[in-house]
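Contents: one structure, followed by commentary.
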Amino acid sequence: MTVSLSINSISAHYGKTTVLQDLSLSVGAGELVSLLGSSGCGKTTTLRLVAGFLQPTSGTIKLGDRDLTTLPAHARDIGLVFQNYALFPHLTVLENVAFGLKQRRMATQERQQKAGAMLERVGLSGLGDRLPGALSGGQKQRVALARALVIEPPLLMFDEPLSNLDAKLRVDMRVEIRQLQRANGTTSLYVTHDQEEAFSISDRVAIMNAGRIMQLDTPEVLYRKPANSFVARFVGFENLLPLRAIQREGVLVTAEGSGGARIALSQEDFGPIPDSFVLGCRADGLSVQREGNGLSAVLGTRTYLGRAYQYQCTTPAGDIVANGALSEPLAAGSAAVLAPVPEQCCILTPEK
Amino acid sequence: MTKSVHPALIALTACIFLFLLAPLVIIIGAAFSDTTYLTFPPQGLTLRWFSNIFQIEAFRTTAITSLQLAFLGTALSLLIGIPAAYAISRYRVELPRWLSTLFVLPILVPEIVFGFSLMKSITIGLGLPIFPSLLIGHALLVLPYSVRVVSASLASFDFSIEEAAISLGCPPLKTFLTVVLPNIRAGVIAAFILAFITSINDVSVSVFLTGPGISTLPIQILAHMEQFFDPTIASVSVLLMLVTVAVMAIVEATLGLTFLTK
């Protein structure tokens with residue numbers, strides 16, 4: 001049974017503060033969508049609204065053709081995995097996993113057998129008699145996962161499930177979560193502040209800021225073609241240069257920025273370039289060279305990144321972070337040009 | 001490996017223990033004295049003051065009243081105190097700060113004032129009979145202990161556990177009973193013991209609320225002392241000490257004493 005989740009223009013308030021403003025989002029059947037953003041962006045609020053722990057001030061939430069908006073939390077039938085595991089400390093691992101089945105009035109023997117099978121699936125067979133206190137963090141999160149999955153919910157939600165685990169385990173667990181989610185085909189909503197985690201695990205990612213979704217797309221599109229400067233900065237376009245096209249010759253466009261800084265861009269590499277635009281560049285998107293075609297700059301502090309040198313550069317258009325080849329270390333104070341690398345740059349429309 | 005302890009520290013500790021325990025030793029001694037007045041060191045040795053307790057009807061009836069008040073009053077205070085503590089901890093952000101202070105007011109107000117105002121309001125104002133008045137008084141007197149101790153244990157309770165249970169299909173009230181309560185059990189038991197001991201020892205509130213025919217054991221002890229300054233009082237005190245020691249021994253045997261300080 002796979003159904004889709006649709007959130008239709010919900011708003012939420014804490015007292016007088018608006019936490020969510022007209023947020024709409026749909027998660028297709030069997031799809032895993034992540035809500036990504038820094039703390040306070042509204043991602044956890046969204047999850048808690050869907051779970052039923054908070055009430056929206058307006059809007060509706062539907063799961064398949066079931067309207068969840070006014071349904072009490074315990075009747076929503078959603079599997080939840082928490083950041084701090086939230087296992088029942090007074091129940092054994094097996095009882096923890098069987099808890100949801102018990103609420104569904106399944107016979108003792110059947111639910112123990114089912115919970116046991118689920119424990120086996122998450123690689124914890126043999127630990128059923130332990131209390132949660134005797135488990136490691138990774139094991140606890142597996143129990144939490146088993147407990148949420150065993151009730152076969154139409155929707156699974158994860159609230160920063162890996163934040164309390166160490167780096168190595170985090171990577172292993174996210175692969176495992178993805179495999180289980182795929183195998184069951186469960187529609188899932190995943191909340192995280194970790195970009196790598198969101199991009200690696202999701203079909204689509206919603207980047208959130210100040211209670212709104214800034215862009216909802218596949219990780220590939222978000223990474224290459226951010227829709228606005230917020231998303232661009234979020235996915236690592238460190239330098240945002242507002243520019244104006246002042247001359248067009250065939251595919252070549254010469255653009256000018258503040259302070260008279262000039263740069264030539266080819267529409268063959270960058271796609272159509274409007275008259276007024278913002279050039280987003282990762283540090284790798286501007287290659288620091290002694291000479292050539294590019295933005296002229298004076299180099300500042302150089303740091304060693306292992307794969308390249310990174311320079312703090314001063315240009316007429318402002319301060320810029322750019323990388324240069326290891327083969328050609330340049331001294332601080334020397335003049336250089338910053339040549340654009342199209343694959344590491346993006347063209348954005350300026351915001352009012 | 002043993003740590004060396006400074007002799008002065010040992011001496012100081014000994015003095016503190018002496019200071020704390022000496023009055024008790026004197027009471028115990030006096031309880032066995034074969035004289036008709038309280039004296040220490042005891043002169044002669046007798047158990048007749050202990051048997052005297054049981055011959056005085058008032059000691060028996062007031063002891064029963066005290067126990068009834070302690071059990072019912074404590075139970076009543078927990079019935080109000082547990083939900084109150086829960087609400088204060090759960091909705092810490094939403095609820096006003098002064099609410100938790102409100103529940104400790106009975107300890108902050110001088111007990112004499114508290115007892116007197118209770119007499120004015122319940123006994124005189126509402127015209128309630130003596131036992132219900134006493135029960136309300138004791139429940140209010142120990143309510144701060146119930147709220148504070150249960151709150152302390154809820155402070156380390158992770159409310160996402162409650163949300164986990166609800167998300168798995170467990171309705172809120174059932175979640176409270178089957179998930180929250182078992183995890184704050186220690187706090188509830190500690191609150192019960194503290195409240196019980198406070199109630200059974202209370203004088204200043206009870207003295208305003210007792211009346212003809214109904215009294216509590218501590219009040220009866222005072223009344224007896226005004227009339228007869230004999231060692232009966234000392235033997236009652238020894239019995240009360242034994243009861244307290246017994247309660248503590250049960251706690252130690254079942255839960256461990258450190259649990260009261262958790």
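Lettering of chains follows the sequences in order, A, B, ..., and the numbering in each one begins at 1.
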Working note: A/Y85 + B/S160, criterion side-chain contact (heavy atoms from CB on, under 4.5 Å); need CA distance, chi angles, decisive distance, verdict. CA-CA 9 Å; A/Y85 325 121; B/S160 60; over 6 Å; no
Nearest 0.5 Å, what's the NE2-SG distance between A/H74 and B/C170? 8.5 Å
Suppose we screen for ring pair (Phe, Tyr, Trp, His ring centres under 6.0 Å). Which residues come up paired with A/F82, at least two apart in sequence or across chains? none
Atom CG of A/D65: over 12 foreign heavy atoms under 6.0 Å: no
With chain B, which of A/L80, A/L91, A/L101 has the greatest number of heavy-atom pairs at distances under 4.5 Å? A/L80
When only pairs under 4.5 Å are counted, which of A/V81, A/I151, A/N84 shares the most heavy-atom pairs with chain B? A/N84
Tell me whether A/R104 contacts the main-chain N or O of B/G169 through its side chain, where contact means a donor paired with an acceptor under 3.5 Å. no
Which distance, rounded to the nearest 0.5 Å, do you find between the CD of A/Q103 and the OG1 of B/T175? 7.0 Å
Among B/N183, B/T178, B/L168, find the one that has a side chain to side chain contact (heavy atoms under 4.5 Å, CB included) with A/F88. B/L168
Within a reach of under 6.0 Å around CZ of A/R174, are more than 12 heavy atoms found that belong to other residues, nucleotides or ligands? yes
Inter-residue atom distance B/I161.CD1 - A/H90.NE2, 0.5 Å rounding: 9.0 Å
Please look at A/A75 and chain B and tell me whether the side chain, the backbone, both or neither of the residue comes under 4.5 angstrom of a heavy atom of that chain. neither
If you count the non-hydrogen atoms of other residues, nucleotides and ligands that lie under 6.0 Å from CZ in B/F131, is the total more than 12? yes
Report, as yes or no, whether the 6.0 Å neighbourhood of atom NZ on B/K174 holds more than 12 heavy atoms from other residues, nucleotides or ligands. yes
I need the residue from A/R76, A/R147, A/M157 with the largest number of non-hydrogen atom pairs under 4.5 Å to chain B. A/R147
